[in-house]
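Here is the structure we will look at, set down as C-alpha cells.
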Amino acid sequence: MTHQHIRLLIVEDSEDDARLLYSELSRTNGDITYARVDCAEDMRAALLDSEWDIVISDHSMPRFSSLEALELLKECGKDIPFIIYSGDVSEHVEVAAMCSGAQDSIVKGNFARLLPAMEREIHGAAVRRAKEEADARVHKLAFYDNLTGLPNRNLFCDHVGRKLAQSERQSSAIYLLDIDRFLRVNNCFGHKIGDALIRQVADRLQECVPGEGMVARCGSDEFAIYLGNVSGDRQARDAAEHIRQAFFRPFIESALEFHISVSIGIVASPRDGDDVPELLINAETAMFRAKSLGGNNYQFYAREMGAVAGAQLVLESALRKAAARDELLLEYQPNFNVLTGELTGVEALVRWRHPQMGVLQPDDFIPLANESGLITEIGTWVLQNACRQAKAWHDAGHTGLTMAVNVSAVQFWQPGLVRTVARSLAETGIDPQCLELEITESVLMRNVDTTITTLQALKGMRVKISVDDFGTGYSSLSYLRRFPIDILKIDKSFSSDVIEDVESAAIVQAIGALARGLGLATVAEGVETNAQLEFYRQQHCDRVQGFLFSAPRSVADITEMLATRTAGQALPQGGTGTRDHRMPGDVGQIPTKEFARRAT
Ligand code: C2E
Ligand code: CA
Ligand code: CA
C-alpha cells in the first residue's frame with residue numbers, strides 16, 4: 001500500500017475487531033488514524049465533524065447495519081468509498097449494498113483482498129475529487145470574471161434567463177453600464193491602475209444592487225445589472241439615477257483621485273426583448289446613445305435606436321478596413337488671402353470610397369470613427385498623406401503653401417498625438433510652420449491645463465494651431481488668451497447669416513476685434529456669395545475659404561489652380577467651384593447668443 005495518511009472510519013460493534021483491523025492495516029501502512037462507530041447518531045456526528053478517506057463497515061450489528069450506514073453516507077453527500085467487511089454477508093445483501101453505492105464487499109480477515117481494494121478505492125476517490133476541483137475551476141473561468149470575481153456575461157445570461165422565466169408576469173430591468181472615457185485612464189495611468197479602478201467600480205456597483213439583483217462584468221469597462229420586480233419605468237429610472245449618483249464620490253487609487261462617470265442603457269423585460277442576449281444588445285444600444293449625449297447619463301432603449309445601431313455596426317466593420325484597403329482619399333479646399341487674392345493654403349478633407357456605397361463624406365463616417373476609436377488610425381493616415389502632399393507642392397515651387405489638417409477631439413486626447421505629428425513632420429520633411437492643426441473650440445475648453453500642455457508641445461515643433469468652427473462654442477475671452485493658438489477659423493454658419501442677421505454680423509465683428517487684440521489670424525469659411533466676401537473684407541478678415549472660390553478638389557485640380565493663380569490676382573468670384581452645393585445642416589442650432597453674451 002502507498003504510504004500516505006489514511007483517515008479510516010470503522011463501522012463495527014466490536015472494539016476488538018476494529019483494533020485488529022487497525023493493527024493489521026498499520027503493519028503495511030503505518031500512517032493510519034481511525035474512529036469506530038456502531039450506531040446512526042455516532043456515524044452522523046463523525047461524518048459531520050471530520051474528514052474521512054474510507055469507510056469500512058461490518059454488515060450486521062445490534063444497533064446498526066451496513067445498509068443503514070450507506071444511507072447515512074449518501075445523505076451527508078460526501079464522496080467517501082465504502083467497503084463492507086463482514087463475516088456473514090449473503091450474496092443478496094452484497095448485491096443490495098453494491099446497488100446502494102458500496103464499492104466492494106470483503107470477508108472479514110481477508111486482508112489480502114482488503115488492502116488492494118482500499119488502495120484502489122481511495123485512489124479512485126482522489127481522482128474523482130481532482131476532477132471535480134478541475135471542473136469547478138473551469139466553471140469559475142467560464143462563468144466568473146477573473147479581475148473582479150463578478151459573474152461574467154455567460155452566467156448573467158444563464159441566471160437572469162432563469163429569473164425571467166420564473167417571473168413571467170413581473171417586469172424586470174436590465175442595465176448596461178460603461179465607464180466614460182475609460183480608455184484615457186488606461187492610456188494615461190497604465191493598466192495596473194485601470195484594473196484597480198475596475199475592481200473598485202465593481203464593488204461600488206454591488207453596493208447599489210440589492211441581494212436578489214445581479215452585477216456582472218461584460219467587457220473591459222462594461223457592466224450589466226439585473227433588478228427583478230421593478231414596477232415600472234419610474235422605478236427603473238430611480239435605480240439608474242441611484243447608480244449614476246454612486247459615482248459622484250471620487251475613486252482613490254494609488255494616492256490619486258479619479259472622477260469617473262458612467263453611461264447607462266436601460267431595458268425593461270419583457271417589453272424590450274425576448275431573451276437576455278437580446279435585452280443586453282438593446283441595453284447596449286441605449287448605452288451608446290447615452291454616451292453620444294456626452295456620458296454621465298442614462299437612456300431607455302427605444303426601438304428606433306436598433307436600426308441605426310445595426311447599420312452603424314456594419315459600417316464600422318467596413319471602416320475598420322478602409323485605411324488598409326486604400327479606400328480613404330483626401331480632397332483639398334483652397335483658401336485665399338483677402339487682400340492679395342493669393343492662394344495661401346489648403347485644408348485636407350477626408351473622403352471614403354466605400355466599395356458599395358460610393359464616396360462618403362466625412363459627416364457620414366467621422367462621428368462613427370470617433371465613437372469607435374478608429375479616428376486615431378484615420379487621423380494618422382490623413383496627417384501623413386496631407387504632409388506628403390504639401391511637401392510635394394512645396395517642392396514644385398509653391399513654398400509657403402499652408403496645409404490645414406483637422407484633428408478631432410478624440411484624436412486630440414490620445415496620448416500619441418504629439419508623437420504622430422512629430423513623425424509625420426520628420427518623415428515628410430515638410431516645413432512645420434506650413435502645417436496648421438485645426439481643433440475645435442470645445443476641445444480647448446474641456447480640460448484647460450492638459451490642453452495647454454499638448455498645445456505647447458505642438459508649438460514646440462513650430463506647428464500652427466487653428467481653432468476650427470470658432471464662435472459655435474462657449475469660449476470665454478479670458479481663457480482664449482491662455483492658449484498658444486495662431487488662427488481663428490470663423491464657423492461657416494456665420495457666413496450664411498452675416499448679411500441678413502445683425503446679431504451674427506456683430507459676433508463676427510467681435511471675433512475680428514478679439515483676434516486682432518490677441519494677434520491671431522482669421523479665416524472665414526463657408527463663403528458662398530460676393531456679399532459675404534465683401535463683408536469679411538470689411539471686417540479685415542485675413543483669409544477666406546468657401547464654394548464661392550472652390551469646393552474641396554482633387555490633387556490634380558489644386559495643382560492646376562496653383563499653376564494658374566498668382567499673387568496680385570483678384571479673388572475668383574461667383575460661380576467657380578460651385579460643383580458641390582451641400583449646405584450646412586446645422587444653421588440655427590448654433591448658440592450664437594451665448595457666445596455674444598460672453599464675448600462682449
Ligand atoms: P470643417 O473642418 O468645418 O470643414 C469644412 C467643411 O465645410 C467641409 O465639409 C467643406 O466641404 C465644407 N464647405 C467648404 N466650403 C463651403 C461652403 O462655401 N459652404 C458650405 N455650406 N460648406 C462648405 P466636409 O468635407 O464634408 O467636412 C465636414 C467636416 O468633417 C469637417 O468640417 C471636419 O470637421 C470633418 N473632417 C473632414 N476631414 C477630416 C479629417 O481628416 N479628420 C477629422 N478629424 N475630421 C475631418
Ligand atoms: Ca476644418
Ligand atoms: Ca470648420
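Start at 1 and go down the list; that is how both ligands and their atoms are numbered.
- Note: an N/O pair closer than 3.5 Å links Lys492 and ligand 1 by distance alone.
- Residue contacts with ligand 1 leave out Gln545, since none of its heavy atoms falls under 4.0 Å from the ligand.
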Show, in sequence, the C-alpha distance, side-chain angles and deciding distance for Lys489 and Phe470, and conclude whether the side chain to side chain contact (heavy atoms under 4.5 Å, CB included) test is met.
CA-CA 6 Å; Lys489 204 160 182 190; Phe470 191 75; 5.5 Å; no
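- For Glu331, no heavy-atom contact with ligand 1 is shorter than 4.0 Å.
- Heavy-atom distances between Gly526 and ligand 1 reach below 4.0 Å in at least one pair.
- Nearest-heavy-atom check against atom 34 (O) of ligand 1 across Asp364, Asn406, Asp491 picks out Asn406.
- Of all the atoms in ligand 1, the ones that sit under 4.0 Å from a non-hydrogen atom of Val382 are 41 (O).
- Counting heavy atoms closer than 4.0 Å to ligand 1, residue Asp468 contributes side-chain atoms (C-beta onward) but none from N, CA, C or O.
- With a heavy-atom cut-off of 4.0 Å, Leu548 does not touch ligand 1 at all.
- Proximity of the aromatic rings of Phe189 and Phe258 is defined here by a centroid distance below 6.0 angstrom, and this criterion is met.
- For the pair Val350 and ligand 1, the shortest N or O to N or O distance falls below 3.5 Å.
- Heavy atoms of Lys489 stay at 4.0 angstrom or farther from ligand 1.
- Polar contact with ligand 1: present for Phe547 (N/O pair, distance under 3.5 Å).
- Listed by chain and number, the protein N, O or S atoms at a distance under 3.0 Å from the Ca ion (ligand 2) are Glu347 OE2, Asn406 OD1, Glu438 OE1, Asp468 OD2.
- The closest approach between any non-hydrogen atom of Gln411 and ligand 1 is below 4.0 Å.
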